[in-house]
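Below, chains carry the letters A, B, ... as their sequence lines are ordered, and counting in each starts from 1. We use all heavy atoms of the structure for the numbers below, so side chains are in, but hydrogens, waters and symmetry mates are not.
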Protein chains: 2
Amino acid sequence: MQVTVAVDCMGGDHGPHVTVPAALDFLRLHEDVNIVLVGLKDDIDVQLRKATSTLMARTAVQHASESVTMDEAPASALRGKKDSSMRVAINLVKDGTAHACVSAGNTGALMAISRFVLKMLPDIERPAICSMLPAVTGRTYMLDLGANVDCTAEHLLQFGVMGAMLVSAVENKERPSVGLLNIGEEDIKGSEVVKHAAELLRASGLNFYGNVEGDDIYKGTTDVVVCDGFVGNVALKASEGIARMLANHLREEFSRNLLTRVASVAALPVLNAFKRRFDPRNYNGATLLGLRGIVIKSHGSADRTSFRIAIGRAAEEARSGVLGKITDRMSVIQENAA
Amino acid sequence: MQVTVAVDCMGGDHGPHVTVPAALDFLRLHEDVNIVLVGLKDDIDVQLRKATSTLMARTAVQHASESVTMDEAPASALRGKKDSSMRVAINLVKDGTAHACVSAGNTGALMAISRFVLKMLPDIERPAICSMLPAVTGRTYMLDLGANVDCTAEHLLQFGVMGAMLVSAVENKERPSVGLLNIGEEDIKGSEVVKHAAELLRASGLNFYGNVEGDDIYKGTTDVVVCDGFVGNVALKASEGIARMLANHLREEFSRNLLTRVASVAALPVLNAFKRRFDPRNYNGATLLGLRGIVIKSHGSADRTSFRIAIGRAAEEARSGVLGKITDRMSVIQENAA
């Protein structure tokens, strides 16, 4: 199936000189994808000058006169910038021109505009941010990573369904396991909301593992880890923080003196293999789950490689049928509850 | 000042054959500390056979006939085991025989018994678990790490006061900075509880920095990071999880084949320096803050080195006058609020 991805070329810290080359790189690697580049036409065209006619045949440019800035209030972006590249890209998903869209822009604005334009899937009350993380046994999908500060048990149940259906759709796992993030494995642990969410998840028909703890995210104990957006965001950023501190310190230690620099040359293949495995760029592209359309959020600081990976996630999810799976599963749960 | 530390020798995964040698190691290094070893007298005496008379002069043994198991319910340990080594060690703090106590036992039981025996400091409603973590710029003290699942804004304020007074007492910083863990730096972010806590902290007279995010813990943006116990526990365990995954992977990469094993020999001094800096054993010993006495919780799996470090924290805090500082600061805040 040929899929079309709309790319917000203006979002993020870098804009068209990173987003357009990343899109062309992606087209080169994947013949079954078309891309609509959205943003200031002149700026995009400059970046397209060197593109081959083969690639241009699968590329369209959609002009958008405005851009949402990184620090703009979501409400102002939503109400004041009807012709922003972000909004136009989302509109392309809404009207069926594109099967998915990608933006490295302001997360709050992307969430607000997506929700306004696309609306929510039936029986899903809130969108959640879901991301793939590296784990000892492969990968873990975690949500919510920051869209919802306060969650009810029902929201957490919905996140569980969305995460499980995403893994089922993109990883071809029939019954992905779902863990509920808590501060102990015992059922008696945690807040009332979390305890109630465990009951709902247990009754949901999902492959519910039970409670998991922070370190289970990286052990890969379950395919999906569910939590509220406050906890998820803090856990993700704390993980990034310690990983960065350790990597920087290792780099410093290896460049301390002549002897350690020689050692670093010897260790280079090992360090490179290590870097390849855990390079955060390979995990770029968080999914805004729960909407009637596929919206992928790239890191604002994404470079060319990293943004290309996020486009890949959009194409993969567009093909996966994840939205239908979520809708089907939610309707079964609603029927059983009724 | 000569201080006395009561050591629960039976707690933790290993018991007297780790806790007693660790205590003797500590006595050897610190002449200004006495230790009371609490637990089954016969088991402790076996470990003391080789101790020199110099060390024995600063060592006492206090028999306790029971032990709290690692999976015992706190309420049962509290009500059913009046002569547990944990309880007897805490009693020694209560009656003034010891200035502090250390246990590697069951956290919930330690918390419940400490609270029952020692009571809370004036104006402090809940005890919090506080730990020192490595940061780029030195170290960060974080609380609560799991004692309190649901916190009010007032609890978070009290945690801020306790954390700041601890850093002020043990690190000799006059006005330690305090950050409130949130999912964005802006004041509008976060739950109502967190927003209200920010107002209270701002009015408290503490050196309040404002909101910090998960990665700020390891950047060392502030001396103290305040959060509820659910978020703190998850963030800490997620950090431990990713650090362990990265370390294990690095070890595997270096032992992959002959070439990488040769490289690892060359890289050994660097890897050892790295390990020394971030060895989690050096950060062992969490403080149960808010009680009328100093109680240090060691990791249950602590080895001899690690448990010795926890005894060191107990001695350091016993000497620091932290409890007086907390009481004084809370009474100023109460007066200003009245």
- Options B:Leu250, B:Asp228, B:Val136, ranked by heavy-atom pairs under 4.5 Å with chain A, top entry: B:Leu250

- Task: Work out which heavy atom in A:Asn233 is nearest to a heavy atom in B:Glu213; give both atom names and the distance.
- Result: OD1-OE1, 4.4 Å

- Is any side-chain heavy atom of A:Val149 closer than 4.5 Å to a side-chain heavy atom of B:Ile183? yes

- Query: Of the listed residues (B:Gly232, B:Pro134, B:Gly229), which shares the most heavy-atom pairs with chain A below a 4.5 Å separation?
  - Reply: B:Pro134

- Which bit of A:Ile217 comes within less than 4.5 Å of chain B, counting heavy atoms only: side chain, backbone, both or neither? side chain

- Item | Residue pair B:Ala235 / A:Val234: nearest heavy atoms and the distance that separates them | CB-CG1, 3.8 Å

- Query: Which bit of B:Leu181 is near chain A, if near means a heavy-atom gap under 4.5 Å: side chain, backbone, both or neither?
  - Reply: both

- Task: Can you tell which part of A:Val194 gets under 4.5 Å to a heavy atom of chain B, answering side chain, backbone, both or neither?
- Result: side chain

- Task: Find out whether B:Leu246 and A:Ile242 are in side-chain contact, i.e. whether some heavy atom of one side chain is under 4.5 Å from a heavy atom of the other.
- Result: no

- Do other residues, nucleotides or ligands put more than 12 heavy atoms under 6.0 Å from the NE2 atom of A:His299? no

- So, the part of B:Ala247 with a heavy atom under 4.5 Å from chain A: the answer is neither

